[in-house]
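Quick notes on the structure that follows.
Note that the structure is predicted; figures quoted are calculated from it, not measured. What's counted below: heavy atoms across the whole structure, side chains too, no hydrogens, waters or symmetry copies.
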Amino acid sequence: MTDRDRPAARAGYPPVTVVVATRDRPGLLERAVRAVLDQDYPGPVECVVVYDHIDIRPLDLDVPAGRSLRYAVNTHAKGLPGGRNTGADEATGELIAFCDDDDFWLPAKLRRQVELLASRPDAAAASCGIRLEGPGIAKDRQLDRAEVRLPDFVEDRVMEVHSSTVLVRRATWDAVGPVDEELPGGYGEDYEWLLRVAAYGPVVIVPEVLVVVDWHGGSFFFGRWAVIVEATRYLLDKHPELAGSRTGLARLHGQIAFALAAGRRRREAVRELGRVLRLNPREKRVLVTVPVVLGLLSGERVLRLAQRTGRGV
């Protein structure tokens, strides 16, 4: 697309590039991309679909005026971080957003976020509320605050700031750097990147549910306990600021303890639980890890029970 062909931006509504990284999930991918193209945003929207080291399969979708749809093959490391980074490399918009291929946006998502960012020049990114939808669950998750800062992310993952909600300025992306492709297995890549974003500036929140997250009770990391242990320890080493909150540190070591127990590394799990109790005796992951250590429940069973309530472990 040449500059002459590209739709002009309306005042206050700069061009946006939306990156959808995929492993090619027919049906879900079309739904995600269609929702991007159907945004009520007055400015230009470019959607870049990045296929993760597989052949491109063009989508049979109408592309409305003011919208464009392009395809790319992941030229970075295989996996979601590399896919997102490839999409950002390809992006031409002044603003960059991401949407997982199994999630989808409600029509006002971009417009409301761009308007909020315009009113907050100090903000590094914008997010919004989410709706979890899946078998047996339909649950809205909204924050009761206008922004999230680095200390908030240090203390808690802040699930509502989901990767499919995030919109950033190109300047933010350039300043904080790409998604970390060295993170073991790509686990927690969105949280690691958000720590860097929040160190750059606050994440402002549109107080509306504007993204539907497919909560299907499964995950690419389901049962990959060793990867979760390694990735969480990598995160702790990379971000020393995480040690600034006993509550947040207990949360992360609680995740490690649970993954060790679920992976039948029970002696290591008990040692890790001791560290968690010293940091924060009220850490909820202690209660869910003990039955796994004792062999009363499997890690998979506990995770399924948690996901039925719209939560993780």
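With respect to the salt-bridge test (charged N to carboxylate O, under 4.0 angstrom), the residues Glu182 and Lys238 do not qualify. For Arg196 and Asp180, the salt-bridge test fails: no basic side-chain N is under 4.0 Å from an acidic carboxylate O. Taking 4.0 Å as the cut-off between side-chain N and carboxylate O, Arg275 and Glu272 count as a salt-bridged pair. A salt bridge links Arg57 and Glu30; the closest N-O separation between the charged side-chain nitrogens and carboxylate oxygens is under 4.0 Å. One finds no salt bridge joining Asp103 and Arg131 here, because no Lys/Arg side-chain nitrogen approaches an Asp/Glu carboxylate oxygen to under 4.0 Å. A salt bridge does not link Glu300 to Arg304: none of the charged nitrogens lies less than 4.0 Å from a carboxylate oxygen.
Here the closest non-hydrogen pair linking Leu132 and Met159 is CD1-CE, 3.7 Å. The nearest pair of heavy atoms linking Val18 to Trp105 is CG1-CH2, 3.4 Å. Here the closest heavy-atom approach between residue Cys128 and residue Leu210 is recorded as SG-CB, 3.7 Å. Annotation for Val203 and Phe153: closest pair CG2-CE1, 4.1 Å, computed over non-hydrogen atoms. Of all heavy-atom pairs between Ala91 and Thr17, the closest is CB-CG2, 3.4 Å. The shortest heavy-atom contact between Thr86 and His76 is OG1-CD2, 3.1 Å.
The closest side-chain donor-acceptor pair between Ser68 and Glu46, if any, does not fall under 3.5 angstrom.
Using a distance-only test at 3.5 Å, with no hydrogens or angles considered, no donor-acceptor pair links the side chain of Asp52 to the main chain of Lys78. At distances below 3.5 Å, not a single donor-acceptor pair connects side-chain atoms of Lys109 with backbone N or O atoms of Gln39. No donor-acceptor pair under 3.5 Å is formed between the side chain of Glu268 and the backbone N or O of Leu260. No donor-acceptor pair closer than 3.5 Å links the side chain of Asp174 to the backbone N or O of Ala171. Judged by distance alone, the side chain of Arg246 and the main-chain N or O of Arg278 form a donor-acceptor pair under 3.5 Å. Between the side chain of Glu147 and the backbone N or O of Ala123, no donor-acceptor pair lies under 3.5 Å.
Contact check for Ile205 versus Val161: side-chain heavy atoms found under the 4.5 Å cut-off. Put simply, the side chain of Pro44 does not reach to within 4.5 Å of the side chain of Tyr13, judged on heavy atoms. Side-chain atoms of Glu90 and Tyr71, non-hydrogen and from C-beta on, never get closer than 4.5 Å to each other. Residues Pro42 and Arg111 meet the side-chain proximity criterion, which asks for heavy atoms closer than 4.5 Å. The side-chain heavy atoms of Val288 and Val292, taken from C-beta on, include no pair separated by under 4.5 Å. You'll find the side chain of Gln307 stays beyond 4.5 Å of the side chain of Ile137, heavy atoms only. Between Arg84 and Leu80, the closest side-chain pair of non-hydrogen atoms falls below 4.5 Å. Contact check for Arg25 versus Asp214: no side-chain heavy atoms found under the 4.5 Å cut-off.
Here CG of Leu167 is found 10.0 Å from CZ of Phe98. Values are rounded to the nearest 0.5 Å. Interatomic distance, CD1 of Ile130 versus CG of Leu143, reported as 9.0 Å (0.5 Å rounding). Taking CG of Asn85 as the reference point, atom CH2 of Trp193 lies at 9.5 Å (rounded to 0.5 Å). The distance from atom CG of Leu236 to atom CG of Leu249, rounded to the nearest 0.5 Å, is 6.0 Å. The CG atom of Leu252 lies 12.0 Å from the CZ atom of Arg233; values are rounded to the nearest 0.5 Å. A distance of 12.5 Å separates CZ of Arg266 from OG1 of Thr289, quoted to the nearest 0.5 Å.
Val33 and Val63 end up in the same hydrophobic cluster when Ile, Leu, Val, Met, Phe, Trp and Tyr side chains are linked at under 4.5 Å. When hydrophobic clusters are built by joining Ile, Leu, Val, Met, Phe, Trp and Tyr residues whose side-chain heavy atoms come closer than 4.5 Å, directly or via intermediates, Leu106 is not grouped with Val213. The same ILVMFWY cluster, assembled from side-chain heavy atoms under 4.5 Å apart, contains both Ile228 and Leu297. Side-chain heavy atoms closer than 4.5 Å link hydrophobic residues (I, L, V, M, F, W, Y) into clusters, and following such links, even through other members, never connects Leu294 to Val302. Cluster annotation: Val179 and Val176 are assigned to the same hydrophobic cluster (Ile/Leu/Val/Met/Phe/Trp/Tyr, side-chain heavy-atom contacts under 4.5 Å, transitive).
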Evaluate the criterion side chain to side chain contact (heavy atoms under 4.5 Å, CB included) for residue pair His253 and Glu283; output intermediate values, then yes/no. CA-CA 10 Å; His253 282 290; Glu283 167 55 45; over 6 Å; no

Please lay out, stage by stage, how Asp102 and Leu28 fare under the test side chain to side chain contact (heavy atoms under 4.5 Å, CB included). CA-CA 5 Å; Asp102 54 350; Leu28 293 175; 3.9 Å; yes

Candidate pair Leu150 and Leu195, rule side chain to side chain contact (heavy atoms under 4.5 Å, CB included), full reasoning: CA-CA 6 Å; Leu150 180 59; Leu195 287 170; 4.0 Å; yes

Check step by step if side chain to side chain contact (heavy atoms under 4.5 Å, CB included) holds for Leu117 and Leu95. CA-CA 10 Å; Leu117 270 185; Leu95 301 168; 4.3 Å; yes

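More than 12 heavy atoms of other residues, nucleotides or ligands lie within 6.0 Å of CG in Asp122, so this atom counts as buried by the packing criterion.
Pairs passing the salt bridge (charged side-chain N to carboxylate O under 4.0 Å, His left out) check and including a residue from residues 155-166, sequence neighbours excluded, read Arg141-Glu160, Arg157-Asp190.
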